[in-house]
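The structure appears right after this line, and notes come after that.
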Amino acid sequence: METSHFINSIIEEDLRSGKHKEIITRFPPEPNGFLHLGHARAIITNYTMAKKHGGYFNLRFDDTNPVKEDVSFVDAIKEDIAWLGCQWDNLYYASDYFNEMYERALLLVKKGKAYVDDLTPEEIKEYRGDLTTPGKNSPYRNRSIEENLELFIGMKEGQFPDGSRVLRAIIDMTNPNMNLRDPVIYRIQRAHHHNTGDTWCIYPMYDYAHPIEDAIEGITHSLCSLEFEDHRPLYDWVVENCEMEAVPRQIEFGKLRISKSVIGKRYIKQLVDGGVVFGWDDPRLITLSGLRRRGVPPEAIRDFIFALGLPKSQGETEIDMLEQVIRDHLVMEVPRVNAVLEPLKLVIDNYPEGEVEYLECENNRDNEALGNRKIPFSKYVYIEQEDFVEEKPNKKWKRLALGVEVRLMHAYFVKANHVVKDEQGNIIEVHCTYDKDTKSGSGFDLRKPNGNIHYIDGTLNQIAEFRLFDDLITDFEDKEIPFIEKVNPNSMVVKQGYFEKDIHPEIGDRFQFTRNGYYAVDKDSNKEKLVFNRIVSLKATYK
RNA sequence: UGGGCUAUGGCCAAGUGGUAAGGCACCGGACUUUGACUCCGAGAUCGAUGGUUCGAAUCCAUCUAGCCCAGCCA
């Protein structure tokens, strides 16, 4: 798979020039939510860059803020990454480095590069200035090194209440880059940490912790998204002033955006917490667990990510592209079977009552390796309601209609003669006659049918539930409407219909339903009923 | 209005001075026991303007538009 983006070029240049002998990358999720498609880009990119150049790839949980994080996410994140096929070489936690971070902070204080500030959060904000106004130095900025040392140690020893003081880097309060206006690097926060328990009551801030984590692990290229570009000078400042031996390089790439979908963790969380969806693994979500449950193969996700490249531009990719990559993956790989989602009974008047034929049927016409199977056929069958109309509407109609002959795929030509309706005028039965000379496989070619439709035998079948998914969110443009009110009430439509009798799939198994789409067996299936998720429909040039 | 970044057909994206790859979508057409698949074909002068050059999407200048930054979040 082609990966010739600008980051790849930088890496190859670093290898060629001898700057690095091996490439070490990392994926540093914060364990505070589930992974989504956007993370997939980061994971796959980091993994691929390391593996392609013979290096290694670390998974590191960026757990520097215990009040926001939870172990429950750790296992889910690991599962998602493994599912994507990006097995990490090392598993680390930022919290493993708390001690070293603390020592390096001490070093900064001793070098006169950091100070303890007693300003309240509100005051810090005031002193920081704004986008066009330079900040002012904190009155505590010129404390002596000794005093700073004592106070910072005091912070660590738990002598001060939460939020009463912070450690700040001494950089430049007038810098046009807000990140350099004496950034806070340690805060006091008495919270139980999932990894370090109650050992610490001070926790490092991301901007301080991250470069140290990278340097400790010898990360050569620290990839992140565009919003951290402004943080790079601070990243470099920390590496240099903390005197880290290894010098990782931060490189930023654009975030992934997908049309007609929500990708932000906080938006997805709203949907989950609001009970709008089943959970983080709802098939309508583009979380990795949601995509997995829906039936999307991980290879398709990787191809999709590669197909997009790794730009710094800020576009939004149409979801159709993802869907097409998924189809491309499934078309040759999965069996093509039959299902009827909205059944209409077809009675073949001249077919003997009680007789059953088992007809030969390929599992995938374009992939013989998938073998054959037999499907039953008898006097009563179900076809899709949308495959019949009383009067053929136009020349392009390639389905059944009164007086029209079509082929029931793998079986015979049938011609519709009359219908039976209920009191409300709904068609409940279509009566037709079949021509026994037209049996599939017989080589009959004296007439062309008006199309080919599929069917499920009227009694030899199993009932199934089909879940069809549509856009979760509508009205993306309207910024006035609260996000949660934009949820599409028809984002999931459930149909009860029939599936072939002799196929007994496992959860997660994927199929193409002829003339309909790709489906996967959902975990809600049970002995009484199969439940299928529609992964993606077949392309339709009619309708 | 301070700083950082981005700008190639409807969407994504190659291209880094030599005369616009590819994918998705769309529109034609062929094939077809899935209106699927497959296969042909159509479609941009590169945000704007001005300059440098024999020659520019690629270099320079100016402008315009969009995104990000004022957490003791990551």
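Residue numbering restarts at 1 for every chain, and letters A, B, ... go by the order of the sequence lines. Scope of the values below: all heavy atoms of this structure, side chains included, with no hydrogens, waters or symmetry mates.
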Minimum-distance nucleotide to A:Lys125 side chain [options: B:G71, B:G35, B:C5]: B:G71

Over all strands shown, is A:His231 touching base, sugar-phosphate only, or nothing at heavy-atom distances under 4.0 angstrom? base

For A:Glu323, report the nucleic acid contact type (base, sugar-phosphate, nothing); a contact means any heavy atom under 4.0 Å. nothing

Whole-Å distance, A:Asn364 CG to B:U33 C1', equals 14 Å

Please list, chain by chain and in numerical order, all residues satisfying ring-ring contact (aromatic ring centres under 6.0 Å, His included) with A:Phe34, sequence neighbours excluded. A:Phe73, A:Trp280

What nucleotide among B:A74, B:A25, B:A70 has an atom nearest to a side-chain atom of A:Glu318? B:A25

With side-chain contact (heavy atoms from CB on, under 4.5 Å) as the test, would you mind laying out the steps for A:Asp182 and A:Tyr127 before giving the verdict? CA-CA 10 Å; A:Asp182 287 9; A:Tyr127 276 73; over 6 Å; no

Only pairs with both distances under 3.5 Å count, Watson-Crick or wobble alike; so what is the partner of B:G17 in this structure? none

Check the distance between B:A25's P and A:Phe304's CZ and give it to me in whole angstrom. 12 Å

Just checking A:Gly441: base, sugar-phosphate only, or nothing, at a heavy-atom cut-off of under 4.0 Å? base

Please state the C1' separation for the pair B:U52 and B:U58 - nearest whole angstrom. 13 Å

Is A:Val184 touching bases, backbone alone, or none of the nucleic acid, heavy atoms closer than 4.0 Å? sugar-phosphate

Can you tell whether the side chains of A:Glu360 and A:Lys374 come within less than 4.0 Å, N to carboxylate O? yes

Can you find a donor-acceptor pair, distance only, under 3.5 Å between A:Arg399 side chain and B:G35 base? yes

Can you identify which nucleotide, out of B:C69, B:C68, B:A36, has its nearest atom closest to the A:Asn179 side chain? B:C69

Regarding A:His210, tell me which of base, sugar-phosphate or nothing describes its non-hydrogen contacts under 4.0 Å with the strands shown. nothing

Between CD of A:Glu126 and P of B:G71 the distance, given in whole Å, is 12 Å

One thing to verify: whether A:Arg165 and A:Asp117 come together as a salt bridge, which I'm taking to mean a side-chain N less than 4.0 angstrom from a carboxylate O. no

Side chains of A:Thr133 and A:Asp130 only: does a donor on one sit below 3.5 Å from an acceptor on the other? yes

What is the nucleic acid contact for A:Lys539, judged by heavy atoms within less than 4.0 Å: base, sugar-phosphate only, or nothing? sugar-phosphate

By nearest-heavy-atom nucleotide on RNA chain B, the more 5' of A:Asn65 and A:Leu322 is A:Leu322

Whether A:Arg515 and A:Asp387 form a salt bridge (side-chain N of Lys/Arg under 4.0 Å from carboxylate O of Asp/Glu) is what I want to check. yes

Can you tell me if A:Thr541 touches the phosphate of B:A36, counting only side-chain N or O atoms and a distance under 4.0 Å to OP1 or OP2? yes

Please pick, from B:C68, B:A70, B:G35, the nucleotide with the shortest atom-to-atom distance to any side-chain atom of A:Asp230. B:C68

With both distances under 3.5 Å as the test, what is the Watson-Crick or G-U wobble partner of B:U38? B:A30

Heavy atoms only, 4.0 Å cut-off, all strands: where does A:Pro311 land among base, sugar-phosphate and nothing? sugar-phosphate

So what does A:Leu538 hit on the nucleic acid, given a heavy-atom distance under 4.0 Å: a base, only sugar-phosphate, or nothing? base

Does the side-chain ring of A:Tyr542 lie flat on the base of B:G35, meaning centres under 5.5 Å and planes less than 30 degrees apart? yes

Ring pair (Phe, Tyr, Trp, His ring centres under 6.0 Å) between A:Phe377 and A:Tyr412: does it pass, once the steps are laid out? CA-CA 10 Å; A:Phe377 176 75; A:Tyr412 298 92; 5.5 Å; yes

B:C69, B:C73, B:C5: which one has an atom nearest the side-chain heavy atoms of A:Leu226? B:C5

Determine whether any donor atom in the side chain of A:Thr132 lies under 3.5 Å from an acceptor atom in the base of B:U1, or the reverse, and answer yes or no. no

What is the distance from OH of A:Tyr518 to C1' of B:U34, rounded to the nearest Å? 10 Å

Might you work through the side-chain contact (heavy atoms from CB on, under 4.5 Å) test for A:Ile383 and A:Val340, ending with a clear yes or no? CA-CA 6 Å; A:Ile383 62 170; A:Val340 171; 5.7 Å; no

If we call it a pair only when both distances are under 3.5 Å in a Watson-Crick or G-U wobble match, what pairs with B:A70? none

What nucleic acid atoms does A:Met332 come within less than 4.0 Å of, heavy atoms only: base, sugar-phosphate, or nothing? nothing

With syn defined as a glycosidic angle within 90 degrees of 0 and anti as anything else, the base of B:G35 is anti

Expressed as a whole number of Å, how far does the P atom of B:U1 sit from that of B:U62? 15 Å

Nearest to the side chain of A:Phe228 - B:G71, B:A74, B:U33? B:A74

Determine the interatomic distance between P on B:G47 and the same-named atom on B:U16; round to the nearest Å. 16 Å

Can you tell me how far P in B:C63 sits from the matching atom in B:A70, rounded to whole Å? 27 Å

Remember a base hit wins even if backbone is also touched, and classify A:Thr120 as base, sugar-phosphate or nothing at under 4.0 Å, heavy atoms. base

Please report the distance, rounded to the nearest Å, between CZ in A:Arg26 and C1' in B:A74. 12 Å

Judged by each residue's nearest nucleotide on RNA chain B, which is more toward the 5′ side, A:Glu122 or A:Gln314? A:Gln314

A:Met321 has an atom CE; how far is it from atom C1' of B:A13, in whole Å? 8 Å

Over all strands shown, is A:Thr317 touching base, sugar-phosphate only, or nothing at heavy-atom distances under 4.0 angstrom? sugar-phosphate

B:A25 P sits how many Å from A:Arg327 CZ, rounded? 7 Å

With the side chain of A:Arg128 defined as its heavy atoms from C-beta on, choose the nearest nucleotide among B:A70, B:U33, B:G35. B:A70

With a 4.0 Å cut-off on N to O distance, would you call A:Arg336 and A:Asp366 a salt bridge? yes

Do any side-chain nitrogens or oxygens of A:Ser313 fall under 4.0 Å of OP1 or OP2 in B:A13? yes

Interatomic distance at P, B:C5 relative to B:A44, whole Å: 34 Å

Listed nucleotide nearest any side-chain atom of A:Asp366, set B:C69, B:A36, B:C72: B:A36

Looking at every strand, decide which applies to A:Leu119 at a 4.0 Å heavy-atom threshold: base, sugar-phosphate, or nothing. base

For B:A65, which nucleotide in any strand shown is its Watson-Crick or wobble partner with both distances under 3.5 Å? B:U6

Regarding A:Gly163, tell me which of base, sugar-phosphate or nothing describes its non-hydrogen contacts under 4.0 Å with the strands shown. base

Categorize A:Leu408 for me: base, sugar-phosphate, or nothing, with a 4.0 angstrom heavy-atom threshold over every strand shown. nothing

Ignoring the backbone of A:Asp130, work out which of B:A70, B:G23, B:C72 is nearest its side chain. B:A70

Measure centre to centre between the rings of A:Tyr455 and A:His410, then say whether the value is under 6.0 Å. no

Could you tell me the separation between the CG atom of A:Asn394 and the P atom of B:G35, rounded to a whole number of Å? 15 Å

Considering only B:A25, B:C12, B:U33, which nucleotide approaches the side chain of A:Arg365 most closely? B:U33

According to a strict under-4.0 Å criterion, is A:Arg187 in side-chain N/O contact with OP1 or OP2 of B:C73? yes

